[in-house]
Each structure stands twice: as C-alpha cells, then as structure tokens.
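Each chain gets a letter, A, B and so on, in the order its sequence line appears, and its residues count up from 1.
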Amino acid sequence: MNISLENLNNSQKEAVLHTQGPLIIFAGAGTGKTRVITYRIAYLLEQGVKPYNILAVTFTNKAANEMRKRVNDLAGNIAQEVKVSTFHSFCLYLLSCETKNFGIDSNFLVYDMGEQVNVIKECIKELNLDDKKFKPTWVANRISRAKDDLDTPQDMNNDCQSKGDFYGKTISAIYELYQKKLKTYNAFDFGDLIMQTVLNLQEHPEILSKYQDKFQYILVDEYQDTNHAQYILTKMLAQKYKNICVVGDDDQSIYSWRGADITNILDFEKDYPDCKTVKLEENYRSTPKILERAWNVIKNNTGRVPKQLWTNNEDKGNINVFQNFDENDEATRVVDMILINRQNGYKFSDFAIFYRTNAQSRVLEDALRRQGIAYNIVGTLKFYERAEIKDIMAYLKLIHNPNDNVSFRRVVNVPKRGIGKSSMEKLEYFATSKGLSLYETLKFVGTDIIPRTSLVAMNSFRMIIEKNVMTIFNKTVKEIVETVIEDTGYIRELELSDNPENKNRIENIKEFVSAVEEFQRISPDKTLSGYLSQIALVTDIDSWQDSEDKVTLMTLHLAKGLEFKNVFITGLEEGRNEEEGGLFPIGKSAYNEQELEEERRLMYVGMTRAKENLYMTWATSRTVFGKPHFNMPSRFLLEAGFTEQLSNRSARNVVNNTPFRYKEDVSYAPIDKVDDNDTYKIGTIVYHQVFGNGKIIEKSGSGDNLKLIVLFSGGQWKKLLAKFANLTIIK
DNA sequence: TGAATCGATGTTTTT
DNA sequence: CATCGATTCA
C-alpha cells in the first residue's frame, strides 16, 4: 500500500498527517470532509497502525457504510477490520460484548420510539396520572433528553426538587418506573444504549481500560451533533492515548432539539489545550454564486467559529426565487422547473426537493405523479414503522423474548382472534397482581378468570409463539419469519379483505422477507437476536439508493451530508405573528434567538447541498389543518440578498422563455445587527398609508439613516427610510 | 367482540 | 384535513 496525498490540498494534508494527539477539523460544507477522514484512516494503516485499533464513529449507517467502502477502496482489505459504526451500533456492540461483566441479560432488545411511548403510556396509567397533562410523547422526549445528558431518574428528581419544579418531579417518577419496566422487558431504548454504556464503563475501569487499549485511534464525524453522553463516551475512550480526531462544522449543527450540544465542538480546544486545529474552507461542491448566498445567510449567526468557504469552481448555473400563490402552485412550479431544466441534460436523480416538515411532501408527490415523474421519498412513512412490518417484528420479538409485554399487546389479536378489551383487561389485572409478564400469566389462568372462547384464542396465540421458541436455533431468521406468516395466517387475512391498501401491505411483507434474506447474507451475527438488535438502528436514509434515476424528496434535516446538482428549498415562509408562526423559520422559532439560529443553520445546510442550480420557493397562502394561512417570504430569502423575485404569473412566462434568469438586488444593504433603536424592532407590525399593514423584517443604519425593510400583507415589501415613511406602530 | 362513527388534536425536525 | 382514540351500536 502506498497512499498518495497528491489529491489533497494543504489543509487536508495537514489533517491527514497529524496522526498523534488530539485534532479538530472544522470542515465546512463540501470541503472534502469524507475524503480527509478516509485518507487519514488509510494513512494511519500505512504508518503501521493496526486496523482493529481504529474506531470511526458516524451518525448514520449510510455514512458508516460509505466510509467503510471508501477506506476499503483506498487501503484495501486490511480496512475491513477498522471499526466503523454509528454511535448507537457501537454501543450496542460494546454492551453485547460485555453483558456478563455489566450484568445485562444477553437477550436484551432495542425499543424504537413507538415502543418507548407505549411503555410510558403504561407507566402513566399505572401512576394514575392524567395523560392529557402528561402527554406520553412529551414525557418520552423529556426522558430521552435526560438520557442524552446522562441524568438518572434520581438526578432528575433532585434537580427538579431544588428548582421547585413539581411537574418535572412527576416526570422523574415516570422515568423511574419506565426504567424499571424496561428492565423487566429486557429492553433498552436509544438513549439507554449510549447512557448505559457510559455508566457501565465508569463503573468498570478495567473494562474501560480494555477498550481504551483496543481503540487507540478514534475518529468522530459530525461532531457538532454529539450530545453530552456521546461527548463523555468519546472523551473516556480517548483518555489514555488522546489520539482523538473530531470532524465537524458548527454551522451545520441542526440537532440541538435532540440533545446535541454545540458547545462540544466549540469547547474541544478547552478539553485538549494542545490540540491541533485545521480548518477546511475550500469548497469543491458548489458554484461561487451559491456559496455567496449561503454565506449571506449564515453570517447572521453569532458565536460562530470564524471561517468562510471559497471555491475555484466555475461560475455557472443559477439561483431562482419563486413566489407562488399556494402550495399547489408551488408544487407545480417545482415540477415545471424540473421538466424544463431536464432539457439541459440533467437526469431526474440530479434533482432534490427539500422541505421543513414531512407534511409538505404530499402536495409535491401529487404534482410529480401527475407528470409521471419517478421520485424517491426519504423519511415519511418509514418502512420499519409500517403497521404490517411492526406486527411481524412484534412476533419475532415475542419469540425472542416472550416476556415483552409491548409486543404481546400489539399482536395478541392480530390477525383477529376474537380477543377483546375486557378479556385483555382481566389478563392485565391478573398479571400485575402476580407480578408476571402477560405471556407467563397466560400459562396459569383458567376459565374462572377469562371467558372460555377468549382463553382458547389466547392459547392458540401462545402456541404459535411457543412452537417457534422451541425451534429458534434450528431455523434461519428468514425461516422463522415465514413460519410466523404461515402460522398466524397474516397474509391470508389481508388477501381476504378487498381493501386496496392490503395489496401494498402484502408487497411490503414480501419486501421485508427479502430484507431479512439480505441480512442473513451480509451480517456476521445471523441469529434472531442479532437481527432484532440491528434492525432497531436501521433508518430510512440508510437504504436510500442514489443510483436510481428518480427525483429525491426529503426533509432538510435528512439532506445533511448529501449533494445534488439541482436543489429546491420549498416553503420559505415567514409567519405573520408569533401565535400563527411560519414554516421556515418554523413556528415560534422566529422569536427565539437560539432557535432562529438553528433554523438559519438548517437553511445553510439546504443551500450548500446544491452544486449548480438552487431554487427557493414560497407560497403566499398555505393550507394548514385545512385552513389557509397567509405568509410572508422567509427572512432567509432577504438575508441571502433576494429582495425581488419571480412572481406568480409573470414568472412562469419569463421562465419558459429564458429559464435561468434570476433577479437579485446586489445593492442590498448589509444587516446591522446593533439594535440601537427601540421604536422599530424586527417583528414589529406597522401601518403604512399606502401599503397597509406589514411587518419589519430587517433594519439597517441608525438615527436619520435608519432603513427598514417592511413586508406587507400580500407578499410585497419595501425598503423605507424610517424618517420619511411615517409608520404607525400597530403591535 | 368489532365495526362504525364522532370528536379532539395536531406539525417541526430523528439516531 | 387526517389521524387517533374513545364511545356507541349491531
């Protein structure tokens, strides 16, 4: 092996060659981050570092797979032994290896969000709490955040006690019961995977030491998205050798709502005072135009690590901003632009449509389907979240661990066996009083507790599980799945009904069977238990194929790390007031500086995905919950420097004749962040004699020179000199 | 027991 | 508006 570093620029080379000691790489969008990581690993191997001494952590399986593949291409088969995985699968691996030492039942499972919420519902019921006041999903969220911060139920309780937070104290009680239940069901949720790994390693220094010696070289990708628990985990592992390299971009931190702590990247230099810092600022992805606009947006954020992307790329392509009448108009416009632009030789797979919320995808899908354009939608109805898949999975989980009450409840009457609510309640009651799982209880109850017909049905259900439990080691996972489908008559039931949806469901189950087959082919751990623990960590984007010639639709969050020649960012709408909220920046985030900055980073991420053409669209009217809402253009459009745009009807004609023209206001004044005038605040609603009511979106200058940009209802806006505009403040 | 109907409720974003 | 849950009726 002989790694040539010819293909790297100086900063990249610096990052690759610094093999000993802590290193932080600020890698802006499109600056060849993955290339640096893969070269770095290859270079380490060339220097004689053993592959099994290297750990590379990413956030998605897709990123992990890609990295593994690219290291392999570069360094050859030796790279197979490098541990490349996501945080979650790494912890799963570690916990599975150490079940004995950590005192964990080796049959443990990973619960997904739905299952997590189910258990929480149970807890709320059991504690006689009002589920209106303690919304299960909200509680689940609170608990997950606590785990991200490594807070135990006791920590949470103490914390809330000292703050006098009565509500939070109750949540800590739910949290405590929830943990107890997870223990009896022998399950971990996502947060547990990380937190339990950390806690156990803290408790067992000798085992920690073993892993420190094993992973002497640690690489963390997307470091800006790590939460406290993940931060502690990497810090612990790296403590002995301090060969830790983290790669990230504070401007692309978009997961704080999931516990990601941006200070982890900003404070790295404090943790490792002797660390080396490398900034990658040369962008190889986008045109100068795109970078300039993206920069205009992101520079409005405070507390950034100073850096600015630049590029030598050819200045081609264009940026278009479209105002549309409503969301249907917007969708039609997007599809029109795809069809027009395709005549320039682009494939459908060169286009991506991004949106802020999943709900926006439907209208876009309809428009694409009308034109017969093939599309791939990533994220909404996740494959493994479909009811039919979850049903089959629940059977598998029960076979793996019959005490899993969550799965038991899910499928005891699926397909219909005539087991109703009242019978289940009786079983539940009896199980609670005996302290047994539902499945165990079923073995003891007689007709004195549950009516004969129901009991017979329940027992036939139990026999299906039992029969499969006995053969679990003689069969492949695929065979078990097939037996389950056969024994339960799941597909037969679907075939009987003439619900057209059922055809899809059957297709999905068949797809599921082939996915299981695929698992068997590639996974080293081919057992049922291996399968179940893997599958919980699989996400939609992992299986997304970019080889097909299809338009890609996804949320802006999922877009991170990807690139497309043509990018649409849709729904760029500013709300008119705090109560109604907007779409992007979403909801109340426009009124909270921290949240607003995260929205801005999300916009930045979206824009920097584009290689050649960027389209940004918004609609004056958008239907929300069946009611039309009137919005104004997003402030991000203004920040980017677009104060004029191709408007509704005229735009389409302009576009058809000269497709790639765009209007922009190059003299757009830089935004003055100093708020030295309290009369006119950003967000203030004002009245103008000619234009009516509007909202102040931006301001610049001061005193007599104070300039305001006011967006008036109806979507038009004006730059006004405050001195002459004679505005009346409404609110 | 289970299908049907009514009403409340909700949208960020997801490993 | 669409989905989920609870309540009602066959």
Asks: Starting at atom CH2 of Trp138(A), determine the distance to atom C1' of dT14(B), rounded to an integer number of angstrom.
Replies: 16 Å

Asks: Between Glu222(A) (CD) and dT15(B) (P), how many Å, whole number?
Replies: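 About 13 Å, once rounded to whole Å.
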
Asks: Which nucleotide sits closest to the side chain of Lys132(A): dT15(B), dT9(B), dT13(B)?
Replies: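 The closest nucleotide is dT9(B).
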
Asks: Determine the sole option in Thr570(A), Ile569(A), Leu572(A), Leu583(A) for which the side-chain contact (heavy atoms from CB on, under 4.5 Å) test with Trp618(A) is passed.
Replies: Leu572(A)

Asks: Consider the side chain of Met113(A), meaning its heavy atoms from C-beta on, and name the nucleotide among dT13(B), dT9(B), dT15(B) that approaches it most closely.
Replies: dT15(B)

Asks: Report yes if a side-chain nitrogen or oxygen of Asn358(A) is closer than 4.0 Å to either non-bridging phosphate oxygen (OP1 or OP2) of dT13(B); otherwise report no.
Replies: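 Yes.
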
Asks: In whole angstroms, how far is the C1' atom of dT13(B) from the CZ atom of Arg601(A)?
Replies: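 To the nearest whole Å, that distance equals 13 Å.
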
Asks: Regarding Phe59(A), tell me which of base, sugar-phosphate or nothing describes its non-hydrogen contacts under 4.0 Å with the strands shown.
Replies: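 The residue Phe59(A) makes sugar-phosphate contact but no base contact.
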
Asks: Residues in ring pair (Phe, Tyr, Trp, His ring centres under 6.0 Å) with Phe519(A), at least two apart?
Replies: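 Counting only residues at least two positions away or on another chain, Phe519(A) forms a ring pair (Phe, Tyr, Trp, His ring centres under 6.0 Å) with Tyr531(A).
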
Asks: How close or far is atom P of dG10(B) from atom NZ of Lys627(A), stated in whole angstroms?
Replies: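 For the pair Lys627(A) NZ and dG10(B) P, the rounded distance is 17 Å.
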
Asks: Rounded to whole Å, how long is the line connecting atom CD1 of Ile254(A) with atom C1' of dT13(B)?
Replies: 8 Å

Asks: Between Tyr255(A) and Lys560(A), is there a cation-pi geometry (under 6.0 Å to ring centre, at most 45° from the normal)?
Replies: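 Not satisfied by the 6.0 Å and 45° rule.
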
Asks: Could you say whether Thr623(A) or Lys121(A) is positioned toward the 5' end of DNA chain C, judged by the nucleotide with the nearest heavy atom to each?
Replies: Thr623(A)

Asks: Answer yes if the side chains of Tyr231(A) and Asp261(A) hold a donor-acceptor pair under 3.5 Å, and no otherwise.
Replies: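 Not at all, the side chains of Tyr231(A) and Asp261(A) share no donor-acceptor pair under 3.5 Å.
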
Asks: Does Arg601(A) pair with Glu598(A) as a salt bridge, N-O distance under 4.0 Å?
Replies: yes

Asks: So, for Phe564(A) and Phe351(A), is the gap between ring centers shorter than 6.0 Å?
Replies: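 No, they do not, as the ring centres are separated by 6.0 Å or more.
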
Asks: Between dT14(B) and His557(A), counting only base atoms on the nucleotide and side-chain atoms on the residue, is there a donor-acceptor pair under 3.5 Å?
Replies: no

Asks: So, using ring pair (Phe, Tyr, Trp, His ring centres under 6.0 Å) as the criterion, who are the partners of Tyr175(A) when residues are at least two apart?
Replies: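 With neighbours one apart ignored, the set is empty.
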
Asks: Could you check whether Thr555(A) gets within reach of a base, just the sugar-phosphate, or nothing at all, counting any heavy atom under 4.0 Å?
Replies: sugar-phosphate

Asks: Could you list all the ring pair (Phe, Tyr, Trp, His ring centres under 6.0 Å) pairs where at least one residue sits in residues 113-133 of chain A, not counting sequence neighbours?
Replies: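 For residues 113-133 of chain A: none.
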
Asks: Checking side-chain polar atoms at under 3.5 Å, does Thr357(A) have a donor or acceptor matched by the opposite partner on Gln360(A)?
Replies: yes

Asks: Under a criterion of less than 4.0 angstrom to any heavy atom of chain A, what are the 5'-terminal and 3'-terminal contacting nucleotides of DNA chain C?
Replies: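 Going 5' to 3' along DNA chain C, contacts run dC1(C) to dG5(C).
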
Asks: Without decimals, in angstroms, what is the distance between Leu556(A) CG and dT14(B) C1'?
Replies: 14 Å

Asks: dT13(B) phosphate, OP1 or OP2: any side-chain N/O from Lys560(A) under 4.0 angstrom?
Replies: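 Indeed not, no polar side-chain atom of Lys560(A) lies that close.
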
Asks: Lys147(A) near the nucleic acid: base, sugar-phosphate alone, or nothing, with a heavy-atom cut-off under 4.0 Å?
Replies: nothing

Asks: Between the protein and nucleotides 1-7 of chain B, which nitrogen or oxygen pairs come in under 3.5 angstrom?
Replies:
from: dT1(B); atom 1: OP1; to: Gly420(A); atom 2: N; distance (Å): 3.4
from: dT1(B); atom 1: OP1; to: Ser423(A); atom 2: OG; distance (Å): 2.7
from: dT1(B); atom 1: OP1; to: Ser454(A); atom 2: OG; distance (Å): 3.2
from: dT1(B); atom 1: OP2; to: Ser422(A); atom 2: OG; distance (Å): 2.5
from: dG2(B); atom 1: OP1; to: Gly418(A); atom 2: N; distance (Å): 3.3
from: dG2(B); atom 1: OP2; to: Asn413(A); atom 2: ND2; distance (Å): 3.3

Asks: In whole Å, I'd like the distance from the CD1 atom of Ile586(A) to the P atom of dT14(B).
Replies: 11 Å

Asks: Please compare Tyr255(A) and Gln360(A) by the position of their nearest nucleotide in DNA chain B and report the one closer to 5'.
Replies: Gln360(A)

Asks: Got a sec, which residues hit ring pair (Phe, Tyr, Trp, His ring centres under 6.0 Å) with Tyr604(A), two or more places apart in sequence or on another chain?
Replies: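 For Tyr604(A), no residue satisfies ring pair (Phe, Tyr, Trp, His ring centres under 6.0 Å) once neighbours in sequence are set aside.
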
Asks: Determine whether the aromatic ring of Phe190(A) stacks with the base of dT15(B), defined as ring centroids separated by less than 5.5 Å and ring planes inclined by less than 30°.
Replies: no

Asks: How close or far is atom C1' of dT14(B) from atom CD of Gln230(A), stated in whole angstroms?
Replies: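 Going from Gln230(A) (CD) to dT14(B) (C1'), I get 12 Å.
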
